[in-house]
Amino acid sequence: MTDPGSGEAPAQGTRVAAFFDLDKTVIAKSSTLAFSRPFFQEGLINRRAVLKSAYAQFVFMLAGADADQMDRMRSHITALCEGWDVEQVRSIVDETLHDIVDPLVYKEATQLITDHKSEGHDVVVVSASGEELVAPIASMVGASHSVGTRMFVTGGRYSGEVDFYCAGENKAIAVKQLAQKHGYDLEDCFAYSDSVSDLPLLEVVGHPTVVNPDRALRKVAAQRGWPVLTFSDPVSLRARIPTPSGTAVAVTAIGLGAAAAAGVAWYGMRRRRRS
């Protein structure tokens, strides 16, 4: 592999990568919303924001997120993050990462990642979540590289504006840039995702596979003869990864309870309106 500091361009089209979406492909939950409780505990968000995130998570798990929903979620998250201290966010993620994310990683995804690495393939996580979350999660599951949404930072704080939104067509753009940088032959590369919003990502490689697909993506996969995988078994990585104290486990349980409560309330309201 060419030394990135040497100034030489890597050989093109000689290497293979497997590109993984993150949410509902590698982990069983939205990575951004998974951290709402520790952010609340540290005073970054208020109770109203936590409940709104719980409701969004419930809808996301029921139906998946289409492009419009993802755009609304992006606007919500970026507005929420405006003024946050970047180092504080990184510290919270670092301290709670394993307790929050560890129970959410699909066993099937970890095996697939292991299989690709045993074939000598790079593993790359490409996600619409913020890079401060995506990079440590990607490292945790053994990925070689990662790409996430980048926000502008001013004076060490998020400005509330997005520098690069890693979703839709932008995922394909990011993958093409990585291919040029690392010498991937995209015709020989693999991609995995659950959402039709990631169609550009799946179309840019020679070996697309859908995982836990939403209805629209399942239809596309059937039309094009793409493989369909079902991941349903989150597994703990604790046997391989040292973890901090179990304090955040209780926080996670509270967060999941809030999501469930929001879901029950929403369902009850829907039933009352119909009756």
Side-chain angles (χ1 to χ4, degrees), residues 18-41 45 50 53-65 70 73 77 89-90 92-114 116 123-143 146-149 166-167 192-195 198 210-214 229-263:
F19 300 97
F20 285 80
D21 174 45
L22 182 58
D23 302 344
K24 297 179 73 176
T25 302
V26 174
I27 64 174
K29 186 177 183 179
S30 162
S31 51
T32 298
L33 299 179
F35 283 89
S36 60
R37 286 301 295 183
F39 288 161
F40 169 72
Q41 293 289 97
I45 58 178
V50 171
S53 294
Y55 171 77
Q57 171 66 18
F58 176 73
V59 174
F60 178 83
M61 291 300 294
L62 274 185
M70 289 183 68
M73 196 174 296
I77 295 298
V89 171
R90 288 174 177 161
I92 294 171
V93 172
D94 182 61
E95 290 173 4
T96 63
L97 174 67
H98 297 298
D99 288 314
I100 295 292
V101 177
D102 184 89
L104 303 175
V105 180
Y106 285 122
K107 177 180 179 181
E108 299 92 339
T110 61
Q111 184 58 57
L112 190 55
I113 289 170
T114 299
H116 276 293
V123 172
V124 184
V125 173
V126 187
S127 174
S129 292
E131 61 182 3
E132 291 81 6
L133 302 182
V134 178
I137 295 174
S139 177
M140 176 181 176
V141 300
S146 66
V147 185
T149 293
C166 191
Y192 302 90
S193 179
D194 69 290
S195 173
D198 282 342
V210 304
V211 177
N212 298 339
D214 57 33
L229 300 178
T230 300
F231 291 175
S232 60
D233 186 16
V235 63
S236 175
L237 301 177
R238 293 176 188 275
R240 287 179 284 164
I241 301 174
T243 60
S245 70
T247 303
V249 174
V251 174
T252 306
I254 294 169
L256 292 174

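- Scored by the side-chain hydrogen bond (donor to acceptor under 3.5 Å, both in side chains) test, Glu132 finds Tyr158 as partners (sequence neighbours excluded).
- Nearest heavy-atom pair across Asp23 and Asp21 is O-OD2, 3.2 Å.
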Residue pair Val125, Ile137: steps toward the side-chain contact (heavy atoms from CB on, under 4.5 Å) verdict: CA-CA 9 Å; Val125 173; Ile137 295 174; over 6 Å; no
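- Here the side chain of Asn212 pairs no donor or acceptor atom with the backbone of Asp194 at under 3.5 angstrom.
- Across Tyr192 and Ala18, no two heavy atoms sit closer than the pair CE1-CB, 4.3 Å.
- When ring centroids are compared, Phe19 and His116 stay outside the 6.0 Å threshold.
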side-chain contact (heavy atoms from CB on, under 4.5 Å) between Glu108 and Thr230, worked out: CA-CA 8 Å; Glu108 299 92 339; Thr230 300; over 6 Å; no
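- The CG atom of Asp214 sits 7.5 Å away from the NZ atom of Lys24 when rounded to the nearest 0.5 Å.
- The two residues Ser193 and Ser195 make their nearest non-hydrogen contact at OG-N, 3.3 Å.
- With rounding to the nearest 0.5 angstrom, the CG atom of Leu112 is 7.0 Å from the CG atom of Leu229.
- The CG atom of Asp198 lies 8.5 Å from the OG atom of Ser127; values are rounded to the nearest 0.5 Å.
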Phe20 and Val123: CA distance, side-chain angles, deciding distance, side-chain contact (heavy atoms from CB on, under 4.5 Å) verdict: CA-CA 8 Å; Phe20 285 80; Val123 172; 3.9 Å; yes
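- Shortest non-hydrogen contact noted between Met140 and Leu97 is SD-CG, 4.0 Å.
- Summarising the geometry of Thr25 relative to Tyr106, their closest heavy-atom pair is O-CD1, 3.5 Å, with the distance given to 0.1 Å.
- Heavy-atom minimum distance, Thr149 versus Ala128: OG1-O, 2.6 Å.
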